[in-house]
Amino acid sequence: MNDALPPRFFDAVEIAGIPFSQHLLRIRIHQQQMFLYIKGSEEHASAYRVKRNFLISTSRFGIGQQEGSNRTPLGLHCVKEMIGGTWPAGTVFKGREPVGFTWAGMPDAKITTRILWLDGLQPGLNRGGNVDSHARYIYIHGTADQRSLGRPGSCGCIHMADRDLVPLFHQLPPGTLVWIEE
């Protein structure tokens with residue numbers, strides 16, 4: 001894989017008028033992988049280097065921005081809210097509230113362990129109106145069916161394995177940039 005971030009990412013950050021975050025998550029839908037980048041000590045934004053990659057699952061309905069499509073949206077996002085940090089892996093969430101555990105009668109739960117709630121940063125693409133990623137409840141989160149990772153299986157969100165999600169959750173601050181591409 002080419003580790004270099006695409007020019008479209010840098011253009012989107014510049015247009016959004018926001019600073020580059022120390023960490024960056026890059027989601028490559030066709031590969032069903034997510035990459036954690038760390039910004040080096042250099043001042044230039046292109047100093048990002050891949051630190052780790054993760055097997056993920058994106059939408060089984062494909063790519064799309066529209067509300068109600070159950071598709072994974074593209075473009076520049078940031079982690080707006082982080083939920084579940086004090087709960088054990090396998091905690092089941094409904095409406096972002098803990099409601100039980102996968103090992104205690106909820107083995108098919110869809111949203112588990114941790115939630116990184118994304119906010120779109122590109123008006124008309126993933127922010128505002130009927131394309132707003134935050135209003136669509138687009139998350140990076142755990143899932144009880146971790147065997148589905150590596151192939152599309154979600155309803156728009158990005159699924160991760162608990163063993164990857166828990167340490168990542170504690171490493172990233174709110175505001176971390178997320179770039180989602182085909």
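As the structure is a prediction and not an experimental result, all values here were calculated from the model. Values reported hereafter were calculated over all heavy atoms of this structure, with side chains retained and with hydrogens, waters and symmetry mates removed.
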Check: Given side chains that start at C-beta, do those of Val131 and Gln66 come closer than 4.5 Å, heavy atoms only?
Finding: yes

Notebook entry, point to check: Would a distance-only check, ignoring hydrogens and angles, find a side-chain to backbone donor-acceptor pair under 3.5 Å from Asn126 to Leu76?
Noted result: yes

Next item on the list: Could you check if a side-chain atom of Asp132 sits within less than 4.5 angstrom of a side-chain atom of Glu67, using non-hydrogen atoms only?
Entry: no

Item checked: Approximate separation, where rounding is to 0.5 Å, of Ile138 CD1 and Asn70 CG -> 8.5 Å

Margin query: I need the Ser148 OG to Arg60 CZ distance, nearest 0.5 Å.
Written below: 9.5 Å

Margin query: If I take atom CG from residue Leu165 and atom CZ from residue Phe54, how far apart are they, to the nearest 0.5 angstrom?
Written below: 9.0 Å

Next item on the list: Would you check, one step at a time, whether the test salt bridge (charged side-chain N to carboxylate O under 4.0 Å, His left out) holds for Asp119 with Arg127?
Entry: CA-CA 7 Å; Asp119 192 23; Arg127 183 181 192 90; 3.3 Å; yes

Item checked: Main-chain N/O of Gly75 paired with Arg8 side-chain donor or acceptor, under 3.5 Å -> no

Notebook entry, point to check: Ignoring hydrogens and geometry, is there a side-chain-to-backbone donor-acceptor pair from Ser57 to Arg151 under 3.5 Å?
Noted result: yes

Note to self: With a 4.5 Å cut-off on side-chain heavy atoms, are Ile158 and Leu25 touching?
What the structure shows: no

Next item on the list: Determine, using the 4.5 Å side-chain heavy-atom cutoff (strictly less than), whether Ile63 and Met34 are members of one ILVMFWY cluster.
Entry: yes

Margin query: Would the distance check show the side chain of Thr72 and the main-chain N or O of Gly156 forming a donor-acceptor pair, the cut-off being under 3.5 Å?
Written below: yes

Check: Taking atom CG of Asp3 and atom OH of Tyr37, what is their separation to the nearest 0.5 Å?
Finding: 5.0 Å

Next item on the list: Decide yes or no for Phe35 and Tyr48: does some side-chain heavy atom of the first lie under 4.5 Å from some side-chain heavy atom of the second?
Entry: no

Next item on the list: Decide whether Phe169 and Ile56 are clustered together by the hydrophobic rule: side chain heavy atoms of Ile, Leu, Val, Met, Phe, Trp, Tyr closer than 4.5 Å, transitively.
Entry: yes

Item checked: Side chain proximity check, Thr176 to Leu116, heavy atoms < 4.5 angstrom -> no

Note to self: Main chain of Ile29, side chain of Gln32: is a donor-acceptor contact present, judged purely on distance under 3.5 Å?
What the structure shows: yes

Note to self: What's the separation between atom CG in Leu168 and atom CZ in Arg52, rounded to the nearest 0.5 Å?
What the structure shows: 8.5 Å

Next item on the list: Would you check if the side chain of Ser21 reaches a backbone N or O of Leu177 as a donor-acceptor pair within less than 3.5 Å?
Entry: yes

Check: Quick one: does Arg26's side chain have a donor or acceptor within less than 3.5 Å of a partner on Trp179's backbone?
Finding: no

Next item on the list: May I ask you to check whether over 12 heavy atoms, not counting those of Arg96, lie within 6.0 Å of atom CZ?
Entry: yes

Item checked: Side chain proximity check, His134 to Glu81, heavy atoms < 4.5 angstrom -> yes

Next item on the list: Look at the rings of Tyr139 and His141 and say which category their plane angle falls in: under 30° parallel, 30 to 60° tilted, over 60° perpendicular.
Entry: perpendicular

Item checked: Donor-acceptor contact below 3.5 Å, side chain Arg136 vs main chain Gln65 -> yes

Checklist line | Rounded distance [0.5 Å steps], CD in Glu97 versus CH2 in Trp87 | finding: 9.0 Å

Item checked: Joint cluster assignment, Val50 & Phe9, ILVMFWY side-chain distance < 4.5 Å -> yes

Next item on the list: Could you tell me whether the side chain of Met82 reaches within less than 4.5 Å of the side chain of Pro173, counting heavy atoms only?
Entry: no

Check: Is there a side-chain contact between Gln171 and Ile38 (heavy atoms, below 4.5 Å)?
Finding: yes

Check: Which heavy atom in Pro88 sits nearest to a heavy atom in Thr91, and how many Å separate them?
Finding: O-OG1, 2.6 Å

